[in-house]
Amino acid sequence: MSAPLPRRTANLPRSAWVEVDLAALAQNFRLLRAELHAPTRLLYVVKDDAYGLGAVRASQVALANGADQLAVFTLGEAAELRDAGIRAPILLLGERLTDELRWVLELSLETCVGRIEIAQQLSVLGRQRGRPVPVHLKINTGMNRFGLPWRRVVDWSRELAALQGLEFVGALGHFAQSDELEKAFARTQQARFEECVATLRAAGVQPRLLHHCNSGGFLDLPEAHFDIVRVGLLAQGVFPSSVCRRLPGLRPVMTVKARVTAIQDLEPGDTVGYGMRWRAERPSRIGVLSLGYGDGFPRVRNEGSALVRGLRVPIVGGITMDALMIDLTDVPAAEVGDETVLMGRQGEVEITAHDIAALKRSVSYDALTGWRARLPRVYLGP
Ligand SMILES: *Cc1c(COP(=O)(O)O)cnc(C)c1O
């Protein structure tokens, strides 16, 4: 009997994968850094596994190339970074419930605070341990998701000022619309934010670092950069919209690839896939890729394309859980083992995150984060 193969699950070969170009990520951070005034801090939002890149690797590269600090959404995401030895400041976005608070301290995090009850509870914890808890006051300036409502900041500012045990590291808001040409509401939000900060300061609460920009604001609202900009999507080399400002040189970081694992030769009239939803009108060569909706590919039918040998070929039939089929009839040289691209560039052709988003009837953010953990991440570059 042969000895069991030494293995790490993550390293088992698979014919479909996500390629992460860390050199592109590094370059993107150098470009983003160069766009900012020197004192402005660059915060990399690495929630949801850095939008699918893998949070630890992406964070390490970003911090080495101009990012000053990180933000995540969950305690688990923060713990993963701390466990990997990342010491940079980490801001928890969103809102906490009481049972999470001791972990904020335990993991040495900064947290957003958008409810006065949570400020009070953190204040108690800070006094108990004899060291203030670093918080960023989240102000709801019109997104109406998280944060102290801008209309109520006047009422709460005195109460906040009286709280011991808190360090007001920052104050932030979040744009509801920053990547469209229409900027009126963004400007309204900015004005509300500035007014709230003035109110807080008058009451004796002195947040050091102000921030309101995400990627869209980074590009199109330089007057709202304040002290920190928070960037997630742009780091991926993907622009939030078709109308926002472009940064020349920014490159997409993520490519989704799959090798052809089977080829079926079809006669006219033969069909492909569940429900027989595609029918060959000519003798056809159908390539099979072992990547399906179980890997995050949008569950479309007779829609979308793949890139093979520098050409774009159509997806035929419906996406199945584990596989999808492409029409290779016009690429006669294609063979089993050929590398195809489902998202990204191959030679002169490209399928963008926005193209995948269109298939999902969704946004580019969802197109990037939608690739499941089942697809191994393969890192290229530094
Ligand atoms: C996700 C998120 C960001 C990053 O947004 P991008 O558009 O990806 O740059 C910034 N701030 C908050 C509060 C977020 O939730």
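Small disclaimer: the values here were computed from a predicted structure and weren't measured. When a ligand or atom number is given, it counts from 1 through the structure's own listing order.
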Fill in: Any donor-acceptor N or O pair under 3.5 Å, side chains Thr141, Gln189
yes
Discussion item. Quick check with a 6.0 Å cut-off and a 45 degree axis cone: is Arg246 positioned over the face of Phe239's six-membered ring?
Written reply: yes
Discussion item. Salt bridge or not between Arg41 and Asp227? Use side-chain N to carboxylate O under 4.0 Å.
Written reply: no
Discussion item. Rounded to the nearest 0.5 Å, what separates atom CZ in Arg345 from atom CZ in Arg251?
Written reply: 11.5 Å
Worksheet item: Between Ala353 and Leu368, which heavy-atom pair has the shortest distance, and what is it?
Response: CB-CD2, 4.0 Å
Between the protein and ligand 1, are there any N or O atom pairs that come within less than 3.5 Å of each other, and if so, what are their names and distances?
unit_1   : atom_1 : unit_2 : atom_2 : d
ligand 1 : 7 (O)  : Tyr365 : OH     : 2.6
ligand 1 : 8 (O)  : Tyr51  : OH     : 2.6
ligand 1 : 8 (O)  : Leu233 : N      : 2.8
ligand 1 : 9 (O)  : Ser215 : N      : 2.9
ligand 1 : 9 (O)  : Ser215 : OG     : 2.5
ligand 1 : 9 (O)  : Gly232 : N      : 2.9
ligand 1 : 11 (N) : Arg230 : NE     : 2.8
ligand 1 : 11 (N) : Arg230 : NH2    : 3.3
ligand 1 : 15 (O) : Lys47  : NZ     : 2.6

Worksheet entry | Qualifying salt bridge (Lys or Arg N to Asp or Glu O under 4.0 Å) pairs with a residue from residues 111-138, counting only residues at least two apart or across chains | Arg115-Glu117
